Undergrad: 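Okay, handing you the structure first.
Side chains are part of it too, since the values below use all heavy atoms of this structure and drop only hydrogens, waters and symmetry mates. What you are looking at is a predicted structure, and each value in this text was computed from that prediction instead of being measured.
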Amino acid sequence: MSFRWSLVIPVKTLVAAKTRLAAATGPHRTALAVAVASDTLSAALACPAVARVIVVHADPAAAGPLAALGAVVVPDPDRGLNTALHAGAAHAVRLAPHDGIGALQADLPALRAAELGRVLEAAADFDQSFVPDALEVGTTFYGVRPGAPFEPRFGGESRAKHLGGGAKELTPDGIDSVRRDVDTPDDLRAAIRLGLGPHTAAVAALLGLATGPGR
């Protein structure tokens, strides 16, 4: 790979985060949202191919902890997910115009740096590419090579949208943690089996959940 990557992670307002986990997490829902984003960010920053992570945030309660972990934080323009990603990508271009730009979902609590590295190595060969989620309906990563138009199509059945937009689908072996986003209790259990990052594991322990082999 002849270039490194700026990754953009969008983080919702905490009151709106992880609503489908509300019944399972009770008063710990917002703590879980911050923890999941923290583990996603930490794994991304540990990947050698990643030069920086830009968090587009809609809530100062999340921005502070994520900035402390090393994120560059920019405000969310509050006009939808793809607009937030464009705002982060524009900031990335100002910082490093010769880097690739990737959009990474914030809810990957089992993310491994090495597995993300495999994705970025594969993505470097295509003007635009994406990774489908574990259900093969949504998208967990979308990336473009330096200078290529950044056209994320997240929301709803985004796998089909990215395919329709000409992005290359990436499904190399050994990237389970990149595909395992967490929206429901079943998703969380699947992430636990992969092994949670330390922030999410701490909250899961408060919920009385076994936390898997660790990252």
Side-chain angles (χ1 to χ4, degrees), residues 1 3-12 17-18 33-58 62-63 66-67 69-74 76 81-93 95-96 99-124 126 128-134 138-145 148 150-155 158-159 161-162 167-172 175-183 187 191 194 197 199-200 215:
M1 186 187 301
F3 57 88
R4 297 179 76 197
W5 291 81
S6 297
L7 295 186
V8 181
I9 297 179
V11 177
K12 293 180 182 179
K18 301 298 160 210
V34 174
V36 169
S38 295
D39 284 327
T40 304
L41 168 65
S42 296
L45 287 171
C47 178
V50 175
R52 65 196 57 79
V53 176
I54 297 167
V55 167
V56 184
H57 73 90
L66 296 175
L69 290 172
V72 177
V73 296
V74 298
D76 188 337
L81 175 56
N82 291 307
T83 300
L85 292 172
H86 277 289
H91 193 72
V93 170
L95 292 175
D99 284 356
I101 299 175
L104 188 68
Q105 293 283 41
D107 55 353
L108 303 171
L111 184 64
R112 265 70 168 171
E115 295 188 15
L116 178 60
R118 291 185 195 113
V119 168
L120 297 178
E121 183 177 8
F126 303 97
Q128 60 168 340
S129 59
F130 74 99
V131 172
D133 65 11
T139 302
T140 59
F141 167 84
Y142 167 83
V144 298
R145 289 166 52 88
F150 182 75
E151 299 176 345
R153 295 173 169 87
F154 285 88
S158 59
R159 174 179 181 259
K161 295 176 187 177
H162 284 124
K168 172 67 175 177
E169 186 171 45
L170 304 176
T171 55
I175 63 163
D176 289 351
S177 74
V178 186
R179 300 184 65 182
R180 176 44 65 194
D181 56 346
V182 171
D183 289 311
D187 295 337
L194 289 175
H199 298 90
T200 311
R215 186 167 66 196

Undergrad: Determine whether L66 and H57 satisfy the following criterion, side-chain contact (heavy atoms from CB on, under 4.5 Å), listing intermediate values before the conclusion.
TA: CA-CA 10 Å; L66 296 175; H57 73 90; over 6 Å; no
Undergrad: Return yes if some donor-acceptor pair links the side-chain N/O of D39 with the main-chain N/O of H199 below 3.5 Å, else return no.
TA: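 Yes, D39 side chain to H199 backbone: donor-acceptor pair under 3.5 Å.
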Undergrad: State, to 0.1 Å, how close F3 and G100 come at their nearest heavy-atom pair, and which atoms those are.
TA: CD1-N, 3.6 Å
Undergrad: Which atom names give the shortest non-hydrogen contact between L45 and A71, and what distance separates them?
TA: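 Shortest heavy-atom separation between L45 and A71 comes out as CD1-N, 4.5 Å.
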Undergrad: What I'd like to find out is whether the side chain of Q105 reaches to under 4.5 Å of the side chain of F141, using heavy atoms alone.
TA: no
Undergrad: If the test is side-chain hydrogen bond (donor to acceptor under 3.5 Å, both in side chains), which one of H162, E151, Q128, R153 qualifies with Y142?
TA: Q128
Undergrad: Once rounded to the nearest 0.5 Å, what's the spacing between atom CG of L85 and atom CD1 of I54?
TA: 11.0 Å
Undergrad: Step by step, would you call L95 with S6 a side-chain contact (heavy atoms from CB on, under 4.5 Å)?
TA: CA-CA 9 Å; L95 292 175; S6 297; 5.9 Å; no
Undergrad: Testing the basics here: between V8 and A89, what is the closest heavy-atom pair and its distance to 0.1 Å?
TA: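 So the minimum-distance heavy-atom pair works out to CG2-N, 3.8 Å.
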Undergrad: What distance separates D187 CG from D107 CG, expressed to the nearest 0.5 Å?
TA: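 Answer for the CG-CG pair, D187 versus D107, is 8.5 Å.
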Undergrad: Heavy-atom distance under 4.5 Å between the side chains of L104 and V53, does that happen here?
TA: no
Undergrad: Consider salt bridge (Lys or Arg N to Asp or Glu O under 4.0 Å). Of R4, R145, R52, which one does D99 pass it with?
TA: R52
Undergrad: Do P132 and T140 touch side chain to side chain, with heavy atoms closer than 4.5 Å?
TA: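 P132 vs T140: side chains apart.
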Undergrad: Might you work through the side-chain contact (heavy atoms from CB on, under 4.5 Å) test for T200 and V182, ending with a clear yes or no?
TA: CA-CA 11 Å; T200 311; V182 171; over 6 Å; no
Undergrad: For the side chain of R112 and the backbone of G117, is there at least one donor-acceptor N/O pair under 3.5 Å apart?
TA: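 Such a contact is absent between R112 side chain and G117 backbone.
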Undergrad: Any side-chain to backbone donor/acceptor pair from T40 onto L108? Under 3.5 Å, distance only.
TA: yes
Undergrad: For K168, look at atom NZ and say whether over 12 heavy atoms of other residues, nucleotides or ligands are found less than 6.0 Å away.
TA: no
Undergrad: Determine whether a donor-acceptor pair (N or O, by modelled atom type, separation under 3.5 Å) exists between the side chain of D133 and the backbone of G138.
TA: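 Yes: the side chain of D133 pairs with the backbone of G138.
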Undergrad: Heavy atoms only: give me the nearest L81-P10 pair and the separation to one decimal.
TA: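 Result for this residue pair: CD1-CG, 3.4 Å.
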Undergrad: So, for A84 and V56, which heavy atoms are closest and what is the spacing to 0.1 Å?
TA: O-CG2, 3.5 Å
Undergrad: So how far is it from L194 CG to S177 OG, rounded to the nearest 0.5 Å?
TA: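 Rounded to the nearest 0.5 Å, the CG-OG separation comes out at 7.0 Å.
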Undergrad: What are the two closest heavy atoms between L111 and A43, and how far apart are they?
TA: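 Looks like O-CB, 3.3 Å.
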Undergrad: Should L170 and I175 count as side-chain neighbours, where that means a heavy-atom distance under 4.5 Å?
TA: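 No. Closest side-chain heavy atoms not under 4.5 Å.
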Undergrad: Contact between K161 and T139 at the side-chain level, heavy atoms closer than 4.5 Å - yes or no?
TA: no
